[in-house]
Amino acid sequence: MRKLLPLIGSPSGSHPGGRSALTCRFRCGDACFHEVPNTSSNEYVGDVIAGALSRRSMMRAAAVVTVAAAGAGAVGVAAAPEAQAAPAAHRHGRGSQGARGLRFTPVAPNTNDAVTVPEGYRQNVVIRWGEPILRGAPAFDPERQSAKAQAGQFGYNCDFLALLPLRGERGRQLLVANHEYTDEILMFRDYDPANPTREQVEIAWAAHGLAVVAVEEEHRSGRITPVSRHHLNRRLTATSEFRLTGPAAGSDLVKTSADPSGTKVLGTLNNCAGGTTPWGTTLHGEENFNQYFANGSSATDKRYGIGTGATERKWERFDKRFDLAQEPNEAHRFGYVVELDPYDPDSTPRKHTALGRFKHEGATVRLTHDGRPVVYSGDDERFDYFYKFVGSKRMRHGNSRWAREHNLSLLDEGTLYVAKLTGDSPAIEIDGTGKLPEDGEFDGSGRWIPLATATADGAVSHVEGMTAEEVFVFTRLAGDKVGATKMDRPEDIEPNPVTGKVYVALTNNSRRGVDANPKADEANPRNANKHGHVLELTERWNRPDSTRFAWSLFLVAGDPEDPATYFAGFPKDSVSPISCPDNVAFDDHGNLWISTDGSALGSHDGLFGVATRGQRRGELKQFLTVPSGAETCGPVIQDRRVLVAVQHPGEVDGATVDKPASTWPDGPGTYVRPAVVAVWRADGRDIGV
């Protein structure tokens, strides 16, 4: 029997997954300790979905054995930037075998304060918090930080990453990154949470937002490094100008005293996951924006999780727009999908109101057969919903200014939908232990319910009792009214470029079965779901604009030795343990790559690859782990390189600048710094082949 590692930074085990209290405070404003915002009576996903277990696959998974030894070696980047980890032990010797793209020896679960990678792989830190990227920006000096300096430097807590081609610049690409939030306690020595200074607040404003930076590859290795002061390098912060577009732009619901037009917003906040578009732009989801606003009072404020008192960061003391008692509409200008043109450093990014306002984990795009965009996005909250937007305008090809201007308007016209799922097993057969129902499988059907349609001539609501503007600004309430299915924190959603199936990461829900909250069901066969699962969705006729779909449970996360876990029917003695799936991506082979956030198995978070088709469907292997207190974000999977964002390293209860819980990436005596890491094969060949 494998002995699991103790939880790191959360001795009581009272926080969701393996998160520390520090993470809960600064990342999402202690969302899991507040009242559940969704108090509607809508059907809960636990009552309707679960997966695709068959009696045969259950028998195959009955004999559970240890996956990998917990003692695998690791190397801190500071100590040896390009050293590889020691191989993990594997009972059946299948470590380097597997589906094409996943042929590497899996990394063992561990608690090393390092980025641990498979045998035969190398790594380097691409860029850290504070590194200068704009002309005139100084070198990073943690003891002499300033808002002006930070506005020209790489921001804090990078999350979503994209690598885009740079035409005409051989060996170079364009890296785009989100900077989700700040950890002031780990950024400033002697930080006083009750009394932050104006300078500290303004530095935090500058450390939020987005970054664009050119990177170049070393010819003889997979290492990539930033090109400082490149003409396309850019920083966008909490005070940069953004443009509201689409059906809610100019509405009375988004007008403020500083912006009576309702079209110009200062800043973007809490950008989590995102996506790239076929027309060459990037999308960035504003997620836990609620935590930045003080003194909420309305029912809509409460539905979006905005508190009635002061905020953790106390920004309202320094700018009245963060005080809803003075500017009640300011929060209505956040919670959208932001579109950035990284090839035009003078462009104003757009917040697309047609994609709805909620805690967007991200936004991923596929095209219909006639070239219209479809965007999938999850609302990262317990018992909330997932959505898709189907555009009505076709993409135009080419790089002319005319084509680019047209394509930048594609996400302003179309129909916004929310998902409703239906299962086929009686609720009485789900007892909370993961026992298979009598029909031997968990699956079902679903439909996309239209909420509102935006056109060039106006917008129409499909929700009784709500105007179109209200639907796009108060999208959660629209989902409540039409009876959307409550989910367990829908995070990243991404279509498989090979099969067309859509995968939904559902991170966890510690409130399942607690008090009056819904208990276990087919889709979530365990009470107190602390490990999460992945849903596989198949649009009817594989058409992304269809309003019907089938769904099944692809993966139920946790320790493979737990009979409640499931890996698409693959033998559980041959998979890595995984907990709390968050961001997802695909390689060119159609394998799903999953990064985790808050692993509840006692090991550090990591990046995993899993085959989605063929005889090895469900074979899941851990590719890397991140340092103490960190979350794995990004990721980007290229043929010969994997990129991850190492977010909030050292974010452990009680940690400060003077008492760090991590010394990554630069070693003892330095500030812990979030950073982007590249991993490649030492022999230069493609990843996992």
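Note that the structure is predicted; figures quoted are calculated from it, not measured.
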Under 3.5 Å, is there a donor-acceptor pair between the [X] and [Y] side chains?
X: E469; Y: T467; value: no
X: D412; Y: S409; value: no
X: T348; Y: E241; value: no
X: Y304; Y: E381; value: no
X: E491; Y: T507; value: yes

Is there a donor-acceptor pair closer than 3.5 Å between any side-chain N or O of [X] and the backbone N or O of [Y]?
X: S595; Y: T632; value: yes
X: H230; Y: P226; value: no
X: N583; Y: C633; value: no
X: R189; Y: E143; value: no
X: S377; Y: G362; value: yes
X: N124; Y: R223; value: no
X: T475; Y: R357; value: yes
X: R235; Y: Q150; value: yes
X: Q123; Y: V115; value: yes
X: T182; Y: E184; value: no

Mutual orientation of the aromatic rings belonging to W315 and W205 [parallel < 30°, tilted 30-60°, perpendicular > 60°]:
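Rings of W315 and W205: perpendicular, over 60°.
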Aromatic rings Y385 and Y387: how do their planes relate, parallel, tilted or perpendicular, breaks at 30° and 60°?
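Ring orientation, 0 to 90° scale: perpendicular.
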Which of these, E286, E361, Q647, sits in a side chain to side chain contact (heavy atoms under 4.5 Å, CB included) with C272?
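Only one of E286, E361, Q647 forms a side chain to side chain contact (heavy atoms under 4.5 Å, CB included) with C272, namely E361.
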Going through the checks in order, is the side-chain contact (heavy atoms from CB on, under 4.5 Å) test met by R673 and V125?
CA-CA 11 Å; R673 296 165 72 179; V125 173; over 6 Å; no
Check the pair E470, S461 against side-chain hydrogen bond (donor to acceptor under 3.5 Å, both in side chains), reporting the backbone distance first and the verdict last.
CA-CA 9 Å; E470 289 171 336; S461 170; over 6 Å; no
CA sep, side-chain torsions, deciding dist, call: R404, D344, salt bridge (Lys or Arg N to Asp or Glu O under 4.0 Å)
CA-CA 11 Å; R404 292 191 73 79; D344 183 358; over 6 Å; no
Taking the six-membered ring of Y376, is the NZ or CZ of R366 close enough (under 6.0 Å from the centre) and on axis enough (within 45°)?
no
Shortest non-hydrogen contact from [X] toward [Y]:
X: V254; Y: H332; value: CG1-O, 3.8 Å
X: D492; Y: D582; value: CB-O, 3.3 Å
X: A331; Y: F289; value: O-CE1, 3.8 Å
X: G356; Y: Y336; value: O-CD2, 3.6 Å
X: P490; Y: F386; value: CB-CB, 4.1 Å
X: P649; Y: V672; value: O-CG2, 3.4 Å

Taking atom [atom1] of [X] and atom [atom2] of [Y], what is their separation to the nearest 0.5 Å?
X: W593; Y: E494; atom1: CH2; atom2: CD; value: 13.5 Å
X: I133; Y: N233; atom1: CD1; atom2: CG; value: 5.5 Å
X: T239; Y: H208; atom1: OG1; atom2: NE2; value: 11.5 Å
X: E413; Y: H352; atom1: CD; atom2: NE2; value: 11.5 Å

Step by step, would you call T364 with F586 a side-chain contact (heavy atoms from CB on, under 4.5 Å)?
CA-CA 12 Å; T364 54; F586 286 93; over 6 Å; no
Would you say R172 has more than 12 foreign heavy atoms packed within less than 6.0 Å of its CZ?
yes
Take atom NZ of K264 as the centre, draw a 6.0 Å sphere, and report whether it contains more than 12 heavy atoms from other residues, nucleotides or ligands.
no
Does a salt bridge link [X] with [Y], judged by any charged N lying under 4.0 Å from a carboxylate O?
X: R128; Y: D666; result: yes
X: R350; Y: E405; result: yes
X: D384; Y: R303; result: yes

Residues L408, T245; criterion side-chain contact (heavy atoms from CB on, under 4.5 Å); working and verdict:
CA-CA 10 Å; L408 284 169; T245 66; over 6 Å; no
Just grab all the ring-ring contact (aromatic ring centres under 6.0 Å, His included) pairs involving residues 232-271, residues at least two apart or on different chains.
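Every pair satisfying ring-ring contact (aromatic ring centres under 6.0 Å, His included) with a residue in residues 232-271: there are none.
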Inter- and intrachain pairs under ring-ring contact (aromatic ring centres under 6.0 Å, His included), touching residues 137-176, at least two apart:
W129-F140, W129-Y156, F154-H179, F160-H284
Please examine the side chains of [Y] and [X], heavy atoms only from C-beta on, and report whether any two atoms are closer than 4.5 Å.
X: R313; Y: Q291; value: yes
X: R476; Y: K359; value: yes
X: F334; Y: K351; value: yes
X: S228; Y: P132; value: no
X: Q638; Y: Q173; value: yes
X: R234; Y: P342; value: no
X: Y181; Y: Y292; value: yes
X: L175; Y: L161; value: yes

Decide yes or no on salt bridge (Lys or Arg N to Asp or Glu O under 4.0 Å) for K320 and D323, but give the supporting numbers first.
CA-CA 5 Å; K320 71 174 186 177; D323 183 353; over 6 Å; no
Please lay out, stage by stage, how T281 and E339 fare under the test side-chain hydrogen bond (donor to acceptor under 3.5 Å, both in side chains).
CA-CA 7 Å; T281 62; E339 184 172 14; 2.6 Å; yes
side-chain contact (heavy atoms from CB on, under 4.5 Å) between L283 and L411, worked out
CA-CA 11 Å; L283 302 179; L411 304 185; 3.9 Å; yes
